[in-house]
Every structure is written in C-alpha cells, then in structure tokens.
Amino acid sequence: MAVGAEPDRGVRLLRRVLAGVPTGEDPLTHVAELPERAAAAVDWPAWADERVVAAFRGCGVDRPWSHQVEAASHAHAGRSVVLATGTASGKSLAYQLPVLTALAADPKATALYLSPTKALGADQLRALRGLGVDDVRPAAFDGDTPLVERDWVRAHSRWVFTNPDMLHRGVLPAHERWAMFFRRLRYVVVDECHSYRGVFGSHVALLLRRLRRVCRRYGSDPVFVLASATVSDPATSASRLSGVDCVAVTEDGSPRGARTVALWEPPLLDAVTGENGAPVRRSAGAEAARILADMVIEGARTLAFVRSRLGAELTALGAKRILADVAADLPDRVAAYRAGFLPEERRELEHALADGRLLGVASTNALELGVDIAGLDAVVVAGFPGTLASFWQQAGRAGRAGDGSLVVFVARDDPLDTYLVHHPKAVLDKPVEATVTDPGNPYVLAPQLVCAAAELPLTPDCLPDFGGAAAERVLADLTAEGTLRRRPNGWYWTQRDRPHGAVDIRGTGGDQIAVVETDSGRMLGTVNPGSACATVHPGAVYLHQGHSYVVDDLDLDAGLAMVHAETPDWSTSPRELVDITILHTQSAVEHQAPGGGTVTVCLGDVAVTSQVVAYLRKLPTGEVLDQIPLDLPENTLTTKAVWYTVSEDLLVGKGPHRAGLKRSQLPGALHAAEHAAIGLLPLFATCDRWDIGGVSTALHPDTGHPTVFVHDAHPGGAGFADRGHAALRPWLHATRHAIAACDCREGCPSCVQSPKCGNGNDPLDKHAAIAVLTTVLATLPS
Ligand SMILES: [Zn+2]
Ligand SMILES: [Zn+2]
C-alpha cells in the first residue's frame with residue numbers, strides 16, 4: 001500500500017455528505033463496501049516482439065496484467081476475442097501487443113481500428129504514437145482527415161484508425177483503392193463494442209459482415225479483437241456483432257482500490273405537486289450539486305455524471321453557488337464538461353482534474369468514452385445512465401489501488417431509478433445486461449444489402465452471413481421493386497450513384513427533420529421523422545447544447561423545423577392518440593390459471609399509429625399551465641412488440657388467483673402496469689425508455705382480451721421486445737416490485753407515471769396494477 005493511502009477514505013467522504021443532509025431527511029437507502037482487488041501481474045508472453053515489449057516498458061508498463069496477456073494471446077494465436085473488463089483496466093495494451101507484434105514480424109501487414117466516436121479514436125491513436133512505433137505509421141481516416149492526406153493514409157499507413165460511419169461511407173465503397181490495405185489486413189480492433197446496440201448496433205453488425213466480405217475478396221481473413229465494458233455473456237454479443245466466433249476474457253487482473261457505494265433517494269418535496277397532484281422529489285441534479293460541493297470542500301477530486309447537458313451545467317452552477325458562500329476561491333475549482341469541446345480543451349480539463357487544479361467536474365455521458373480520467377476520489381451518478389454497463393463505467397472512474405473512494409448513485413424521479421435504490425442487489429450483484437442487436441431487422445438489412453451489392457455483387461454463398469433466408473426474402477423484394485438486378489450469378493447494383501450516402505447507420509431510416517434557427521439560418525441538429533411531431537411540434541421547447549429554443553413551425557414535407565432562441569419558464573410535453581394493430585404473431589403461449597382463466601404471452605409484428613393532438617406547458621415544479629391543441633398528421637410505425645393478454649375473469653373475478661378488480665379499474669390498472677414495465681425493461685435489455693413504447697387497453701380488438709403491449713420504437717424493431725419476451729417473468733416481477741415499493745399513495749413519477757405518456761398519465765391505478773401483475777405472475781410458470 002502506498003504511503004499515506006487511506007482505505008477508509010470512501011467511508012469518511014460519505015460521512016461528510018451525510019453531515020450536510022437536513023434533519024428529517026433520510027436519503028441513504030443502502031451502503032455497500034466493495035473490497036480492494038489485488039493486482040495479477042504476469043510476465044510478457046514469449047511470442048511478443050521484443051521491440052514492442054521494450055516500447056511498453058519505456059512507457060512505464062513493467063509487467064502486464066493477466067487479462068491483457070490472456071486476450072492478447074488468443075488474438076496472437078488467430079482466435080477472435082472479446083475482452084470485457086472494467087474502466088481503466090488497460091484494454092488498449094491487450095490489442096496493441098498482438099497487433100504491433102504482427103506488424104513487426106511482417107513489414108507489410110496492416111490493421112484497422114474502429115471506435116464509436118472520433119474522440120476515442122483520437123485518444124487511442126495518440127496513445128499508440130506515444131509508444132514510438134514509427135514504422136507502423138498509424139493514422140486517422142475519418143471525416144476530419146483532409147482530402148490531401150487521404151491518399152497518403154491509404155498508401156502508407158499500416159494501422160488505420162476510423163469509425164463505422166467512415167468505414168461505411170468512405171472506405172468500403174472505394175475498396176479498390178484500398179486493395180493493398182485489405183490484402184494485408186491481419187487484425188480488426190472494435191473498441192467499446194458494447195456501445196453498438198439497438199438499430200445502430202444492427203447496422204454495425206452488417207457493416208462488419210460487409211468488411212469481412214471485402215477482405216475475403218482480397219484474400220485476407222482478419223482476426224477480430226473487441227474491447228467491451230463488462231456485460232453479461234460478452235462472447236455471444238461479440239460473435240453476433242462481428243459475425244465470427246469470439247472467445248471472451250472477463251477475469252480482470254488490474255488492481256482496484258476499495259470503494260464505498262451509496263444508493264441515494266432524494267426526498268419528496270412538501271410544497272410541490274406534479275401531474276394529477278402526484279408528489280414530486282427533489283431533482284437528482286440539485287442533490288448532485290450539493291454532494292459535489294461537499295466533496296470539493298473536502299479536497300476530493302470528484303466527477304458528477306448528469307443525464308443531460310443542461311443538467312450538467314446546472315449541477316456545476318449549483319455547486320459553485322454553494323461553494324461561493326464557503327470560500328471565494330472554491331467556485332473556480334468546479335467546471336462543467338460541455339459537448340463540443342475541442343480535443344485540446346478536453347485534455348486541458350483532464351490535466352486540471354488529474355493534478356487537482358480542478359476538484360469537481362459535472363459532465364454528461366460524453367465523458368464516458370475515451371477520456372482518460374480515472375483514479376478519482378469520488379463519483380456521483382445523478383440518474384441511472386440507462387445500463388448497468390454504463391453505470392459501472394462511470395463508477396469505475398473512482399478509486400486508485402490502495403486508496404478508498406466513494407460512489408454515490410442519486411436516483412431520479414423515475415421507476416427504474418427508484419427500483420434500483422430499493423433493490424441494491426440489482427445494482428451490486430446482478431450481472432450486467434447483454435448488449436442487444438438484431439442484424440435480422442429487415443429495415444436495416446435492406447439498405448445494408450444494397451450497399452453490399454454496390455461494393456461487390458452479392459452471390460448466394462454470401463447470404464448465410466447476412467441471415468440466410470431473411471436476406472433472401474429482402475433481396476427478392478429489392479429485385480421486385482427494381483433497386484437491385486438479379487442475374488444468374490447473383491444480385492447487382494446497376495445504378496450510377498453509390499447508395500451509401502443515403503443510408504444513415506445511426507438513424508432509423510427515413511429523411512431526418514432539420515432543426516433550423518429562423519434568424520441565422522443555422523442548423524442546430526436533426527430529429528427522427530418518427531418522433532418529430534412529438535419533439536418539434538409548433539410551440540415545443542427544444543433544448544440544444546444547453547440552450548433553449550421554441551419551435552415556430554414544423555414542415556414535415558420540407559423536412560424542416562424552424563425555431564427561435566427563447567428560454568420560457570415552462571417545458572412542453574406532447575399529448576398523443578395511439579393505436580396498435582397486430583400484423584403477425586410470431587409466438588403465442590397460453591398459460592392456464594389454477595382456477596380457470598388464461599394469461600397469453602406473445603411476440604410479433606405490430607403497426608403503431610400515433611397522432612400528436614395537443615401539448616401541455618409545465619413549470620419546472622411539474623405544475624401544468626395549460627393544454628394547447630395541435631393539428632398534425634398520423635404517423636405509423638411498423639415494429640416488433642411483446643404483449644400479454646389476461647382473460648377478464650382473472651382480473652375481475654374474486655377468489656384465489658383472481659385480481660378482484662372492478663371492470664372500471666381495468667384501464668388504469670393496465671396503463672400503470674404498462675408504464676412501469678417500460679420503465680423497468682432497460683434492466684434486462686440495453687435500451688433506454690425512449691427506445692421503447694407501449695399501449696394498453698381493457699379490450700383489444702385483435703386479442704379480444706385486456707392486453708398490455710411493449711414495442712420497439714424503431715422501424716422493424718431493434719431487439720428490445722425480443723429481450724423483454726425472453727425475460728418476461730423476471731421483468732414483470734421487477735415491475736411489480738418497483739410499483740409496490742414506492743412510498744407514494746396514488747402513483748408518481750417514481751413508479752407508474754411516465755414522462756412520455758401521450759395520455760397525460762391518466763387513468764393510472766397503482767394498486768390495481770399491482771393486483772394485475774400479481775395475478776399474471778401467479779399464472780406464468782416459474
Ligand atoms: Zn410512486
Ligand atoms: Zn401512458
């Protein structure tokens with residue numbers, strides 16, 4: 001242990017935070033002590049190139065950790081591998097060692113590195129250059145690479161750093177110009193691979209299959225090395241993403257200091273009520289500001305993660321305000337990390353935090369990727385970041401070997417956050433969720449197959465890699481509509497222009513709606529066409545990089561939303577009419593209740609029709625000012641859904657295994673059960689509640705029964721409904737617990753109210769929802 005190290009520092013810091021809690025409040029729901037983990041350092045493997053080892057030694061790595069060598073040795077032996085270990089466990093070395101060894105052994109060999117963000121790629125490239133391996137000539141090839149440099153990179157770089165977007169639009173369509181590079185390609189590194197999830201992940205999975213097909217054309221078969229946060233079953237996720245079988249390395253051999261993890265629920269506010277009179281909690285951001293200020297006073301270097309950019313600014317500002325009353329110089333030691341920082345600005349902030357000039361930084365998840373900040377004294381996570389993998393990545397910024405540190409998770413007023421602070425095992429003991437992708441999604445498959453055909457004609461022997469029968473069906477449609485041409489030996493793209501530019505691998509299909517400032521003509525951003533009516537309708541308050549705008553006009557035909565800068569006192573939320581139709585039932589399983597009656601669980605394709613008909617203006621306290629009608633067209637989404645029906649006799653009947661409800665309670669019961677289920681699904685699938693939606697009804701025309709649907713919010717689905725279907729029982733069990741554990745009387749944002757409800761959270765019946773879920777769970781086999 002280092003001199004002056006303080007293993008109990010986490011406990012001491014927590015005591016300091018608790019000392020500042022007003023009397024009568026009891027926000028702490030759980031404290032866990034995570035023990036120190038000892039280092040497992042091993043010798044350099046015999047196969048490693050001496051010069052490469054010397055370069056690492058020169059950078060201060062005397063001996064590698066066990067997981068680095070284990071993963072590197074798989075890769076060296078030609079086995080594709082995924083390394084899934086914690087933040088700051090040195091995953092880079094695990095791929096650098098085999099790649100650099102291969103490039104040293106064969107002076108013509110090449111390698112490709114892919115990262116989800118340019119910032120991470122730039123960090124990794126800088127780290128590699130720091131090793132002084134000059135003959136490799138590592139270089140970036142992304143949207144920022146000047147055109148004059150691109151030829152040089154293609155001709156001379158042996159390790160190209162790029163991202164999926166550039167691989168898709170810039171490299172694969174021009175593969176002939178990269179022929180030498182592909183012929184000699186030995187390794188493909190896919191960094192932060194857990195961030196390829198949902199629709200984006202499905203696109204990247206098919207993109208990697210396109211990459212492998214092009215490599216085969218040039219006679220190479222590269223080994224894949226994937227780096228991931230800790231997720232459950234990384235081998236399956238990585239194999240699904242890359243299309244090649246991957247071995248997983250998960251045993252982390254890097255040392256880690258002891259950590260104190262505190263779960264924290266802000267108190268209900270006395271004076272304020274929200275929608276339909278519901279109680280409201282103090283905001284997680286305000287609570288985080290206070291904790292951040294306490295840590296700064298203690299001299300503890302602290303990072304606070306806040307969900308939104310605006311929230312991060314407000315948290316930093318709140319902490320500064322508190323600190324100004326303590327000492328005049330303290331506010332300057334707190335900063336907000338803003339999106340859009342230049343690389344130099346980011347590095348300056350990292351250095352200031354590392355050397356203690358800055359003590360507190362409030363950030364959005366932007367810091368989650370790539371920025372080299374670790375070994376902090378404390379981390380505050382204000383609002384669950386969406387997945388356990390992200391949570392542990394954020395928490396992993398705290399703690400040095402030999403030193404204690406503090407992690408505080410502050411719950412937002414939301415069912416998932418509430419569930420987690422009351423079920424510490426779900427945070428501390430549960431394996432992290434699996435990364436969900438669905439490469440079979442026809443909405444993703446069709447444009448990807450078109451791009452593949454434009455790169456090289458698709459032959460029948462390519463199809464197994466693209467989903468076999470599913471690909472054949474999509475190709476038949478593409479041929480029938482004239483997009484591709486069928487010839488005896490395969491499918492051809494015969495048009496002059498390449499299709500790649502029109503395929504947005506991060507979007508969900510369809511033309512994006514541009515958000516434009518009327519006065520300046522400046523484009524602020526884009527929104528998906530499917531959600532435009534709900535997010536940029538006339539009168540909507542639109543937030544962009546911490547600035548507030550109000551929408552003047554939405555022109556769906558022109559793909560434009562015109563806005564002006566304004567900071568009103570209120571926020572807006574849309575009111576929507578939603579209808580759901582079952583198109584195809586893929587699976588339906590009926591379960592008999594002990595005393596008669598049934599629960600049926602289904603998975604299939606649905607059409608969700610929605611129309612935004614009005615919006616509410618709300619004050620920050622949750623108080624509703626008014627409701628303003630809108631005249632906007634209907635929008636139809638064809639997607640995947642999981643649903644369950646409960647025969648009415650089970651819900652209204654009395655007796656054992658019966659819910660004993662009144663018929664008039666059913667709409668509120670099912671609606672509340674639907675909301676809470678949407679809130680809890682992210683615990684089982686790597687999705688955000690905004691990636692999914694739901695519909696519930698006391699009598700659905702297609703099922704003839706009371707029915708609750710939860711559907712993917714992306715055309716064709718993104719795999720989330722499938723995960724919900726596979727984990728239905730634990731998911732509904734957690735849903736029931738989340739509702740039952742909430743202190744409120746009639747339902748609140750922490751249990752059954754939803755921020756995205758199109759019905760104004762009405763009707764909702766919290767207690768009846770518990771009864772419905774109890775009955776359903778009693779009927780489902782355990
Ligand atoms: Zn509640
Ligand atoms: Zn609702």
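Just follow the structure's listing: the first ligand is 1, and inside any ligand the first atom is 1.
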D631 atom CG, neighbour heavy-atom count above 12 within 6.0 Å: no
Can you give me every donor-acceptor pair (side chain of residues 663-671, partner residue at least two apart or in another chain, under 3.5 Å) with its distance?
| residue | atom | partner | partner atom | Å |
| --- | --- | --- | --- | --- |
| R663 | NE | E648 | OE1 | 2.8 |
| R663 | NH2 | E648 | OE1 | 2.8 |
| Q665 | OE1 | K662 | N | 2.8 |
| Q665 | NE2 | D765 | OD2 | 3.2 |
| H671 | ND1 | P763 | O | 2.7 |
| H671 | NE2 | H675 | NE2 | 3.0 |

Counting only protein N, O or S atoms and ignoring waters, those under 2.8 Å from the Zn ion (ligand 1) are C742 SG, C744 SG, C748 SG, C751 SG
Are any side-chain N or O atoms of D579 and backbone N or O atoms of T609, one a donor and one an acceptor, separated by less than 3.5 Å? no
Can you tell me how the ring of F409 sits relative to the ring of F391, calling it parallel under 30°, perpendicular over 60° and tilted otherwise? perpendicular
Enclosure of H733 NE2 (heavy-atom neighbours >12, cutoff 6.0 Å): no
For the Zn ion (ligand 2), which protein N/O/S atoms are closer than 2.8 Å? H671 NE2, H675 NE2, C757 SG
With sequence neighbours excluded, what pairs up with H700 under the ring-ring contact (aromatic ring centres under 6.0 Å, His included) test? F709
Below 4.0 angstrom, N of the basic side chain to O of the carboxylate: do D691 and R197 qualify? yes
Between T639 and H714, is there a donor-acceptor pair closer than 3.5 Å when you use the side chain of the first and the backbone of the second? yes
Residue pair R658 / L650, side-chain heavy-atom distance below 4.5 Å: yes
